Amino acid sequence: MLGLSVLEGGDNRAIVAEVTFIEHAGNGSLGRVFDHVGIAVSDLAASERFYRTVLSVLGAEPSHADAELVEWEDWDIGPTDREHPVTRGLHVGFRARDRAQVDAFWQAGVDAGYRDEGAPGPRTQYGPTYYGGFLLDPDGNSVEAVHGDREDAVPAGRVDHLWFRVRDPQASRRFYTTIAPHAGLRLTHDEPGRVQLSGPDYSFSLVRDERPLTEHVHLAFPAREDATVRAFHAAALAAGYEDHGAPGERAVYHPGYYGAFVLDPDGHNVEVVNHNRG
């Protein structure tokens, strides 16, 4: 079940993809996997080679690929243009089936000449069973394969977690807790330098450290009712956040695609979307 979405509300250039998603009980949000995460890359062919190389080890192959978009279910890359600057400073972790798959992910990247950012091994600061290996993509974004005990893990090859480096974690906290009831999120970690929100099978951290800020990411959460999309948009605007696309059907992506867009405090484009797939 694949259709197209965009980095900007109302922009007709498709750059990120709708993904199949799984419903869970809640208040109108599906909340179980990111609906889609999209980045803009400086050289689409080079980034496609990188992600094909490492994600294939996790059993993930592109579900769509052309000159404007390459998508792996919930992960999507497209070329930059005037309205879509390159994404930088992002950390994305992809779920691995086991530790051996983490090792193979990292080794495939290193063997292909990509930059190491941390050899596979335990990272107990993140959890007692956490095991990850890290690489840098062609634009310098941090890309990880991770395995560890989780009650309800995403499938191998899907986005397990994101880290955004933000100007002010508490300002970002206010934004994401405002939209949390409509995006299927809950606050799971809260301290001055790091805030974490989670869905049932993924996490999303907002941090401030010495590294450069994360720039130009599109992040979409799924909903099962149009009313949830409208409530998300209304709550964000009532709290003073910037509109980036009013609630409505975007039939250019597929009939029934109903989404709304706002900007978070760092300018990332955040969407809640109901695909009305029944």
Side-chain angles (χ1 to χ4, degrees), residues 5-9 15-16 31 33-42 47 51 74-78 80 84-95 117-118 123 125-126 130 132 134-137 139-146 154 158-180 182-199 201-222 232 236 239 241-242 244 261-273:
S5 182
V6 293
L7 285 180
E8 307 285 338
I15 198 169
V16 292
V33 307
F34 295 107
D35 190 86
H36 52 271
V37 179
I39 67 171
V41 299
S42 59
S47 289
Y51 284 104
D74 53 355
W75 177 251
D76 311 281
I77 64 175
T80 58
H84 306 98
V86 66
T87 300
R88 297 195 189 279
L90 177 66
H91 171 73
V92 55
F94 293 96
R95 183 75 182 180
E117 204 198 19
R123 265 70 175 183
Q125 67 269 35
Y126 303 134
Y130 194 108
F134 302 76
L135 299 163
L136 294 176
D137 80 2
D139 289 308
N141 296 299
S142 173
V143 183
E144 177 189 8
V146 58
V154 298
R158 296 290 188 93
V159 176
D160 178 88
H161 64 269
L162 299 173
W163 280 48
F164 282 17
R165 289 179 164 84
V166 298
R167 289 181 180 83
D168 182 343
Q170 292 304 305
S172 293
R173 176 194 184 279
R174 288 191 291 274
F175 172 82
Y176 284 99
T177 55
T178 296
I179 70 165
H182 318 295
L185 296 169
R186 67 187 188 280
L187 185 66
T188 51
H189 185 90
D190 188 10
E191 59 185 41
R194 178 172 172 251
V195 175
Q196 184 183 72
L197 299 105
S198 297
D201 56 359
Y202 66 86
S203 66
F204 173 46
S205 294
L206 306 158
V207 300
R208 186 73 177 105
D209 58 20
E210 73 284 356
R211 298 192 185 192
L213 300 181
T214 303
E215 300 178 319
H216 311 305
V217 181
H218 173 60
L219 179 59
F221 300 98
F232 149 76
Y241 298 109
E242 185 177 348
H244 203 56
F261 307 78
V262 296
L263 298 181
D264 82 356
D266 288 275
H268 300 296
N269 185 34
V270 180
E271 177 187 8
V272 171
V273 56

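Position 1 is the first residue of the sequence, and the numbers go up from there. A quick note: this is a predicted structure, and the numbers were derived from the prediction, not measured.
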Check your understanding: Taking the side chain from S203 and the backbone from S198, do they hold a donor-acceptor pair closer than 3.5 Å?
Key -> no
Point to revise | Partner set under side chain to side chain donor-acceptor pair (under 3.5 Å) for T177, not counting sequence neighbours | key: none
Practice item. Could you pull out all residues at least two apart from Y130 that satisfy side chain to side chain contact (heavy atoms under 4.5 Å, CB included)? Key: R123, Y126, E144, V146, H161
Check your understanding: What residues form a side chain to side chain contact (heavy atoms under 4.5 Å, CB included) with R174, not counting sequence neighbours?
Key -> Q170, A171, Y241
Study note, to complete from the structure: In short, salt bridge (charged side-chain N to carboxylate O under 4.0 Å, His left out) pairs touching residues 182-195 with sequence neighbours left out are R173-D190
**Study point:** Partner set under side chain to side chain donor-acceptor pair (under 3.5 Å) for R165, not counting sequence neighbours
**Key:** D209
Check your understanding: Quick one: ring pair (Phe, Tyr, Trp, His ring centres under 6.0 Å) partners of F164, sequence neighbours excluded?
Key -> F204, H268
Exercise for review: With sequence neighbours left out, write down each residue that passes side chain to side chain donor-acceptor pair (under 3.5 Å) with S142, or none if nothing qualifies.
Suggested key: H91, E117
Revision key, fill the gap. Those residues at least two apart in sequence (or on a different chain) that pass salt bridge (Lys or Arg N to Asp or Glu O under 4.0 Å) with D160 are R95, R150
Exercise for review: Indicate yes or no for a side-chain donor-acceptor contact from S205 to the backbone of Q196 under 3.5 Å, with no hydrogens or angles considered.
Suggested key: no
Review point. Parallel under 30°, tilted from 30 to 60°, perpendicular over 60°: which one fits the rings of Y202 and F34?
Key: tilted
Review point. Is a donor on one side and an acceptor on the other found under 3.5 Å between the side chain of N141 and the backbone of L90?
Key: yes
Revision key, fill the gap. Distance col, row Y176:OH vs L185:CG, nearest 0.5 angstrom, shows 9.0 Å
